[in-house]
Amino acid sequence: MKHRYPAILVVTVLSGLMCACEKSTEPGSPDVVAFQVRGCQPGLGKETSTDSCFSYQFHDALLVDFCASANCCPDSNRFSFKHAISHDTIRVTIADTAAHLCRCVCTYILHMEFRDLLGDSYVFFCTRQDYSDQVVLYSERVHRN
């Protein structure tokens, strides 16, 4: 009986150390928030190749606002977001998931926040997935201030 308790203690301590080591060696992944700003935004959009509805702030976190056009009805929760971060590139793919219920098109503002980024400069590369095609919306270099 005397030998049983030290063995249990050793196994417990070693298990705790192994878990602590695993947590400390894993690279942190950024915390990401993405949503569509509610409502149609008349007068915004990417009208020509030089126009842009892209803006960002990059201090502690990278905050990005950009536009995408879609059917007016319904005007909320239209878009799904997928993202991947590799080296100095943030790849975002959006898709319109709502039904097309009326005969008008609106411009929507999409907002993304990336926290805990390690680098100071990234290419924000955004595509839109429409059925079987992928269209490039933005390819912008962002720098930490």
Side-chain angles (χ1 to χ4, degrees), residues 5 7-145:
Y5 292 115
I8 291 172
L9 180 61
V10 169
V11 169
T12 304
V13 169
L14 288 176
S15 297
L17 288 174
M18 289 173 64
C19 289
C21 288
E22 285 179 27
K23 288 179 184 174
S24 65
T25 58
E26 284 291 314
S29 60
D31 181 23
V32 178
V33 174
F35 59 88
Q36 170 197 325
V37 175
R38 186 173 174 87
C40 181
Q41 306 295 319
L44 292 178
K46 196 169 183 176
E47 305 296 330
T48 68
S49 62
T50 57
D51 281 348
S52 181
C53 179
F54 180 89
S55 66
Y56 76 94
Q57 294 178 357
F58 193 4
H59 302 288
D60 296 332
L62 172 60
L63 310 176
V64 179
D65 290 313
F66 58 97
C67 292
S69 295
N71 192 267
C72 297
C73 307
D75 72 349
S76 61
N77 301 320
R78 295 202 64 89
F79 297 95
S80 68
F81 297 81
K82 293 181 184 175
H83 73 278
I85 301 171
S86 177
H87 304 288
D88 72 338
T89 304
I90 299 172
R91 293 187 179 277
V92 173
T93 302
I94 63 165
D96 184 357
T97 59
H100 301 292
L101 301 175
C102 54
R103 295 182 186 197
C104 62
V105 174
C106 285
T107 300
Y108 296 97
I109 297 175
L110 306 180
H111 178 83
M112 295 190 79
E113 298 178 15
F114 299 87
R115 297 185 181 103
D116 304 322
L117 291 172
L118 300 177
D120 290 332
S121 179
Y122 291 88
V123 173
F124 183 87
F125 188 77
C126 180
T127 57
R128 179 182 176 138
Q129 182 69 47
D130 285 327
Y131 307 106
S132 63
D133 295 334
Q134 249 188 1
V135 177
V136 175
L137 294 179
Y138 299 97
S139 180
E140 303 279 344
R141 173 68 68 175
V142 296
H143 301 279
R144 190 181 304 266
N145 295 335

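- A donor atom on one side chain and an acceptor atom on the other are not found under 3.5 Å apart for T93 and R128.
- Residue F35 holds its CZ atom at 11.5 Å from CG of N77, rounded to the nearest 0.5 Å.
- With a 6.0 Å radius and a threshold of 12 heavy atoms from other residues, nucleotides or ligands, R141 has its CZ atom above the threshold.
- Rounding to the nearest 0.5 Å gives a distance of 8.0 Å between CD1 of I94 and OG1 of T127.
- For F124 and F66, the distance between ring centers is under 6.0 angstrom.
- Among all heavy-atom pairs drawn from D88 and S121, the shortest one is CB-O, 3.8 Å.
- Using a 4.5 Å heavy-atom cutoff, the side chains of L110 and F81 are in contact.
- To the nearest 0.5 angstrom, D120 atom CG is 5.0 Å from R144 atom CZ.
- Taking each heavy atom of Y122 and H87 in turn, the nearest pair found is CE2-O, 3.5 Å.
- Contact record, R78 with A99: NH2-O, 3.7 Å, taken as the closest heavy-atom pair.
- Across every non-hydrogen atom of N71 and Y108, the tightest pair is O-OH, 3.1 Å.
- Judged as a salt bridge (Lys or Arg N to Asp or Glu O under 4.0 Å), and not counting sequence neighbours, R91 has no contacts.
- Looking only at side-chain heavy atoms (C-beta outward), M112 and V92 come within less than 4.5 Å of each other.
- Atoms CD1 and SG, from I90 and C126 in turn, are 11.0 Å apart once rounded to the nearest 0.5 Å.
- The minimum heavy-atom distance between S139 and V123, with the atom names listed, is OG-CG1, 4.0 Å.
- No side-chain N or O of T97 forms a donor-acceptor pair with one of S80 less than 3.5 Å apart.
- Taking the side chain as every heavy atom from C-beta outward, D96 and Q129 never approach each other to under 4.5 Å.
- Judged by distance alone, with hydrogens and angles left aside, the side-chain atoms of D116 form no donor-acceptor pair with the main-chain N or O of L118 at under 3.5 Å.
- A 4.5 Å side-chain heavy-atom check between F125 and V136 finds at least one atom pair inside the cut-off.
- When every heavy atom of L137 is checked against every heavy atom of C67, the shortest pair comes out as CD1-O, 4.3 Å.
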Anything under 3.5 Å between a donor and an acceptor, one on a side chain of residues 54-65, the other on a protein residue two or more places apart or in another chain? List them.
from, atom 1, to, atom 2, distance (Å)
Y56, OH, H143, N, 3.2
D65, OD1, H111, ND1, 2.6

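- Taken as a pair, C73 and C102 meet the criterion of an SG-SG distance shorter than 2.5 angstrom.
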